[in-house]
Amino acid sequence: MEAEAKQARRALIADVLSEYPPKTAKRRSKHLNVYEEGDSDCGVKSNIKSIPGVMTVRGCAYAGAKGVVWGPIKDIVHISHGPVGCGQYSWGQRRNYVSGAVTGVNSWVAMQVTSNFQEKDIVFGGDKKLAKLIDEIEAIFPLNRGISVMSECPVGLIGDDIEAVAKRKSAEIGKVIAPVRCEGFRGVSQSLGHHIANDVMRDHIVDKSADKPFESTPYDVLIVGDYNIGGDAWASRILIEEMGLRVIGQWSGDASVAEVERGAKAKLNLIHCYRSMNYICRHMEEKYGIPWIEYNFFGPSQIAKSLRAIAAQFDDAIKEGAERVIAKYRPLADAVLAKYKPRLEGKKIMLYVGGLRPRHVSDAYGDLGMQVTATGYEFAHADDYQRTTEYIKDGTLVYDDASEFELEKFIQNIRPDLVGSGIKEKYGTQKLGVPFRQMHSWDYSGPYHGYDGFAVFARDMDLAINNPVWGMHKAPWKTA
Amino acid sequence: MPQSAERIKDHATLFNEPEYLALFERKKALECGASAETVAKQSEYVNSWEYREKNLAREALTVNPAKACQPLGAVFAAVGFERTLAFNHGSQGCTAYFRSHLARHFKEPCAAVSTSMTEDAAVFGGLQNLVDGLANAYAVYKPNMIAISTTCIAEVIGDDLTAFIQKARKDGSIPEDYPLPQAHTPSFVGSHITGYDAMVKGVLSNFWNGKTREPNDRLNIIPGFDGYAVGNNRELKRILAEFGVDCTLISDVSEVFDTPTDGAYRMFDGGTTLKAVTEALNAKATIAMQQYCSEKSLELAASVGQETAAFHYPMGVGATDEFLMKLSELTGKPIPESLEKERGRLVDAMADSSAWLHGKTYSIFGDPDFVYGMTRFALEMGAEPIHLLSTNGGKEWEAQMKALLATSPAGAKAQVWTGKDLWAMRSLLATEPCDLLIGSSYGKYLERDLGIPLIRLTFPIFDRHHHHRFPVWGYAGGLRVLVTILDKILDILDVETAKTGISFDLVR
């Protein structure tokens with residue numbers, strides 16, 4: 001990027017900061033930057049408390065633990081333990097698809113199960129209620145393979161001992177009962193919730209079942225950090241299987257408890273969302289010696305690169321398998337590019353998402369001739385911003401834990417052709433006359449992973465950007 | 001190849017392709033799930049009377065409740081005032097959830113901030129968070145009022161809001177005379193409707209306390225928590241204009257949840273002006289459109305000497321009649337002919353369609369006032385209510401419902417369920433089915449599992465768009481409800497009769 005353009009972006013940051021009180025401006029200034037090519041990270045601080053009174057987009061530890069990591073496991077009944085709200089607002093909102101399941105019979109993903117705390121539970125404690133509730137779950141949902149207790153704020157404040165209840169009841173019913181201490185006030189964002197969720201998964205399922213017999217093959221892998229939003233994990237799995245590997249578990253989209261129990265069994269762990277599940281991959285490496293590899297299944301360039309990188313960990317049969325898969329899908333990818341690239345080439349994208357997406361989708365846009373001109377994360381850590389440098393270009397505007405105020409200013413100034421962010425950002429952005437796609441939920445579409453998903457991704461970006469409505473927001477009698 | 005560039009398949013069809021069906025089979029072999037036989041047996045069992053008894057006997061476990069929590073209602077009420085910022089003292093995740101939840105229903109942005117309390121605030125209290133939060137919110141968003149509600153953490157640790165606010169004023173974080181109404185809204189008390197009430201009362205108290213009332217002839221109306229607020233509040237204002245009644249809506253979200261796409265983002269728009277709220281003290285009476293959204297606020301209104309009246313989400317002929325007669329009684333103005341004509345049109349439409357509506361059986365769920373209002377209108381259409389369920393309904397509501405049902409022979413079969421959830425509703429409908437289900441989007445699982453068609457007529461509606469932009473109150477609103485129900489009945493009839501062609505009639 002030209003020095004002048006970069007200077008303009010730095011001035012934009014200064015302009016936005018100038019509207020904050022001085023103390024806030026100073027704190028926020030560390031989270032905003034214009035990326036300089038060659039730098040080893042994005043030059044922003046991260047994983048720091050959000051500033052009170054400024055509209056952060058972030059959620060909480062419960063959202064990270066129940067909403068992201070545990071919630072998609074299909075044959076566990078997930079109790080939103082505490083008052084009614086948290087479970088209500090997260091009910092059915094992440095579109096973690098499940099296969100071969102009957103809701104309420106052998107799957108509970110699309111349900112809101114809660115202890116619905118009342119004042120008396122706060123005063124007298126909720127442990128007795130929890131124990132009773134577990135009995136009631138056993139009575140009305142007998143095919144469950146386990147129960148998770150996802151703590152909401154009050155649980156950690158009133159001194160409840162959910163671990164003791166879980167231990168006692170687990171022994172009684174002979175199933176896993178996982179106490180997850182993901183109260184919303186822990187940590188600074190969803191991120192600590194992921195970590196806590198990983199640790200509980202490790203202690204209550206993976207390590208406990210490490211000795212369970214399992215018939216292994218040399219080609220066994222786990223898909224880790226894919227929540228099967230809109231069927232993403234399936235569109236990924238199909239490629240991994242086609243190259244000759246056996247997927248022995250999906251963590252945690254469409255997962256069964258049996259799949260989570262296989263943590264000690266894979267030959268290689270494949271991790272897609274590094275942020276939310278790197279912790280358990282590190283554990284499986286340290287304790288069971290299982291290597292792990294990050295991959296990226298967004299867009300044909302990254303898919304091919306990832307397939308080859310995965311194959312490189314195996315023998316020639318798998319390497320040939322990867323080439324076979326790449327060749328098989330090339331005509332599809334080429335046809336998608338031929339159809340959509342002319343309609344999308346040169347378009348500028350602004351992203352503000354979580355997890356892996358602010359960097360991982362970058363090359364999928366690149367394949368279509370589009371460029372990510374600004375990006376940032378809700379809840380990233382320093383290692384995410386280091387990894388981001390592999391993807392972004394010189395002069396990219398980077399924001400960490402951006403407030404709605406900052407985002408609106410940046411969007412107004414940059415006027416991108418498309419903004420990719422969340423439901424809270426969607427409608428405000430569209431008011432500005434700027435096209436938008438929700439990039440957490442795929443805006444009720446998907447899958448976006450894999451070759452099959454890339455076609456959907458390209459179609460969706462086209463329908464967002466090229467819809468005629470975007471030419472209508474100015475009344476013709478109002479001349480600019 | 002399941003996918004092609006010519007005809008791109010997304011999740012709705014892609015996974016029906018043979019390649020993915022084979023993938024599911026391979027996956028299933030590794031899932032170690034219950035056998036197909038076991039699943040089939042349990043699937044049958046959940047529809048039985050025996051299961052219903054177990055299910056209804058639950059005391060600790062709540063499954064699929066049809067209610068949200070207090071601060072959601074507080075946020076909804078707060079944004080209905082002129083340039084008012086909804087401000088939650090507590091964890092930031094709560095606020096993210098309220099904003100998403102309302103955005104998913106209205107397809108509109110929803111602004112609200114939090115004090116982002118974390119572990120240290122849980123230990124030492126949230127004073128600094130509140131003081132800094134107010135200073136930032138005031139500087140960045142330049143609101144005319146900041147309406148403070150609480151979420152669980154602040155209530156459990158016992159933060160003293162009043163003292164904290166005084167400190168913030170003293171520190172200069174916020175001007176001395178700046179309006180900062182407050183509401184205590186922990187999620188473990190009440191539901192979104194009581195949180196709405198708490199915030200409305202908080203705002204009224206803020207502007208009324210310590211002032212002398214100089215009564216005039218104006219009226220106040222509190223609409224209540226309403227997913228159809230955009231359409232309903234506008235309809236209400238139209239009715240009042242026809243009447244020539246001077247009236248203040250206390251919390252009016254009809255603008256802020258319906259801003260145009262014209263190149264500008266309006267974080268604030270419309271709403272009850274602070275001047276109007278102040279002057280509302282002098283009104284002759286305060287009317288609540290939904291009793292259970294306004295109990296504390298009406299108590300306040302009564303305590304300052306105003307007359308009060310409460311309705312139950314008035315829909316249909318009789319409820320609208322009563323509402324208009326109340327307006328007439330309070331103002332001394334006659335009911336305008338234009339509205340009388342509208343009434344006649346609704347009755348005309350009901351008569352035209354009555355053959356298709358009479359004797360249909362309905363189950364209804366939602367907030368207590370909605371279920372009451374909907375049941376009343378259903379009875380007017382000749383329908384027979386079956387299961388009437390409100391997760392956040394109580395004893396008084398139950399008695400009111402039973403009294404309503406007793407007014408009509410069609411009410412004889414109905415059962416009223418308070419505090420029950422939608423998993424209980426599943427058992428009720430499986431054992432004692434009905435023709436139609438009326439409620440929110442949450443009912444779609446019941447529709448799928450039991451084959452009872454769902455009509456979406458109350459909050460939240462996530463999976464259909466724009467219904468909230470049209471009214472369901474008043475005679476005109478009643479017409480819309482009638483058409484919505486009728487369309488569903490006739491669409492189903494067409495689908496059913498198309499199977500043989502017999503009775504697939506051009507004229508109905």
Give the member of Val257(A), Val102(A), Thr114(A), Thr103(A) that has the highest number of heavy-atom pairs under 4.5 Å with chain B.
Thr114(A)
Side chain from CB out, backbone as N, CA, C, O: work out which of these in Ile137(A) comes under 4.5 Å of a heavy atom of chain B, or both, or neither.
both
Chain B heavy atoms under 4.5 Å from Val469(A): which part of the residue, side chain, backbone, both or neither?
neither
For Thr62(B), is it the side chain, the backbone, both or neither that has a heavy atom under 4.5 Å from a heavy atom of chain A?
both
Is there a donor-acceptor pair under 3.5 Å between the side chain of Arg58(B) and the backbone N or O of Ile140(A)?
no
Under 4.0 Å between a side-chain nitrogen and a carboxylate oxygen: does that hold for Lys27(B) and Glu259(A)?
yes
Donor-acceptor check, side chain of Tyr141(B) to backbone of Met55(A), threshold 3.5 angstrom: yes or no?
yes
Using side-chain heavy atoms (C-beta onward) and a distance below 4.5 Å, is Phe188(B) in contact with Gln118(A)?
no
Tell me if a side-chain donor or acceptor on His101(B) pairs with a main-chain N or O of Gln88(A) at a distance below 3.5 Å.
no
Strictly distance-based, threshold 3.5 Å: is any side-chain N or O of Asp10(B) a donor or acceptor partner for the main-chain N or O of Ser445(A)?
no
Report which part of Tyr445(B) has an atom under 4.5 Å of a heavy atom belonging to chain A: side chain, backbone, both, or neither.
side chain
Between the side chain of Asn64(B) and the main-chain N/O of Gln112(A), is any donor-acceptor distance below 3.5 Å?
yes
If you count heavy-atom pairs under 4.5 Å between each of Lys426(A), Gln93(A), Glu183(A), Lys49(A) and chain B, which one has the most?
Gln93(A)
Lys9(B)/Asp452(A) ion pair, N-O < 4.0 Å:
no
Side chain, backbone, both or neither of Ala101(A) within contact of chain B (heavy atoms, under 4.5 Å)
neither
Distance-only donor-acceptor check, side chains Ser99(A) and Lys28(B), under 3.5 Å:
no
Is any side-chain heavy atom of Tyr265(B) less than 4.5 Å from a side-chain heavy atom of Glu408(A)?
yes
Which answer fits Val63(B), side chain, backbone, both or neither, if we ask what part of it has an atom under 4.5 Å from a heavy atom of chain A?
both
Heavy-atom distance under 4.5 Å to chain B: side chain of Val336(A), backbone, both or neither?
both
Worked check of ring pair (Phe, Tyr, Trp, His ring centres under 6.0 Å) between Tyr20(B) and Trp234(A)
CA-CA 8 Å; Tyr20(B) 282 99; Trp234(A) 298 328; 7.7 Å; no
Top of Met117(B), Arg266(B), Glu108(B) for chain A proximity - count of heavy-atom pairs under 4.5 angstrom:
Glu108(B)
Comparing Ala63(A), Cys153(A), Ala333(A), Ser50(A) against chain B, the one with the most heavy-atom pairs below 4.5 Å turns out to be Ser50(A)
Pick whichever of Arg426(B), His192(B), Glu25(B), Arg448(B) has the most heavy-atom pairs under 4.5 Å with chain A.
Arg448(B)
Could you tell me which of Tyr62(A), Tyr448(A), Trp91(A), Phe117(A) has the largest number of non-hydrogen atom pairs under 4.5 Å with chain B?
Trp91(A)
Please determine whether side-chain hydrogen bond (donor to acceptor under 3.5 Å, both in side chains) holds for the pair Asn116(A) and Lys67(B), giving the CA-CA distance in whole Å, both sets of side-chain angles, and the decisive distance to 0.1 Å.
CA-CA 10 Å; Asn116(A) 187 23; Lys67(B) 68 166 183 181; 3.2 Å; yes
Side chain, backbone, both or neither: which part of Asn106(A) has an atom under 4.5 Å from a heavy atom of chain B?
side chain
Going by heavy atoms in the side chains, are Trp423(B) and Val113(A) under 4.5 Å from each other?
no
Quick one: what part of Asp421(B) sits under 4.5 Å from any heavy atom of chain A, side chain, backbone, both or neither?
neither
May I ask you to test the Cys152(B)-Pro83(A) pair for a side-chain heavy-atom distance under 4.5 Å?
yes
In terms of heavy-atom proximity below 4.5 Å to chain B, should Ile122(A) be classed as side chain, backbone, both, or neither?
side chain
Does the pair Asp262(B)/Lys478(A) count as a salt bridge with the N-to-O cut at 4.0 Å?
no
Chain B contact via Val77(A) - which portion, at a heavy-atom distance below 4.5 Å
neither
Close side-chain approach of Ile51(A) and Asp132(B), heavy atoms under 4.5 Å:
no
Using side-chain heavy atoms (C-beta onward) and a distance below 4.5 Å, is Gln430(A) in contact with Lys107(B)?
no
Using a cut-off of under 4.5 Å for heavy-atom pairs, which of Gly230(A), Ser189(A), Gly433(A) has the most such pairs with chain B?
Gly230(A)
Side-chain donor or acceptor of Glu136(A) paired with backbone N/O of Glu59(B) under 3.5 Å:
yes
Is there a side-chain contact between Lys74(A) and Glu31(B) (heavy atoms, below 4.5 Å)?
yes
Chain A contact via Ala103(B) - side chain, backbone, both or neither, heavy atoms under 4.5 Å:
both
Any side-chain heavy-atom pair from Glu19(A) and Val140(B) closer than 4.5 angstrom?
no
Can you name the residues that form a side-chain hydrogen bond (donor to acceptor under 3.5 Å, both in side chains) with Glu406(A), not counting sequence neighbours?
Tyr20(A), Arg28(A)
For Lys142(B), is it the side chain, the backbone, both, or neither that has a heavy atom closer than 4.5 Å to a heavy atom of chain A?
side chain
Whatever's closer than 4.5 Å to a heavy atom in chain A on Tyr138(B) counts as neither
Check the angle between the aromatic planes of Tyr89(A) and Tyr97(B) and answer parallel, tilted or perpendicular using the 30° and 60° thresholds.
tilted
Could you tell me which portion of Ala235(A) (side chain, backbone, both or neither) has an atom closer than 4.5 angstrom to a non-hydrogen atom of chain B?
both
Judged by atom type as modelled, is there a donor-acceptor pair below 3.5 Å linking the side chain of Gln42(B) to the main-chain atoms of Val105(A)?
no
The interface call for Ile153(B) against chain A, heavy-atom contacts under 4.5 Å, is both
Does Arg99(B) offer a backbone N or O that forms a donor-acceptor pair with the side chain of Lys424(A) under 3.5 Å?
no
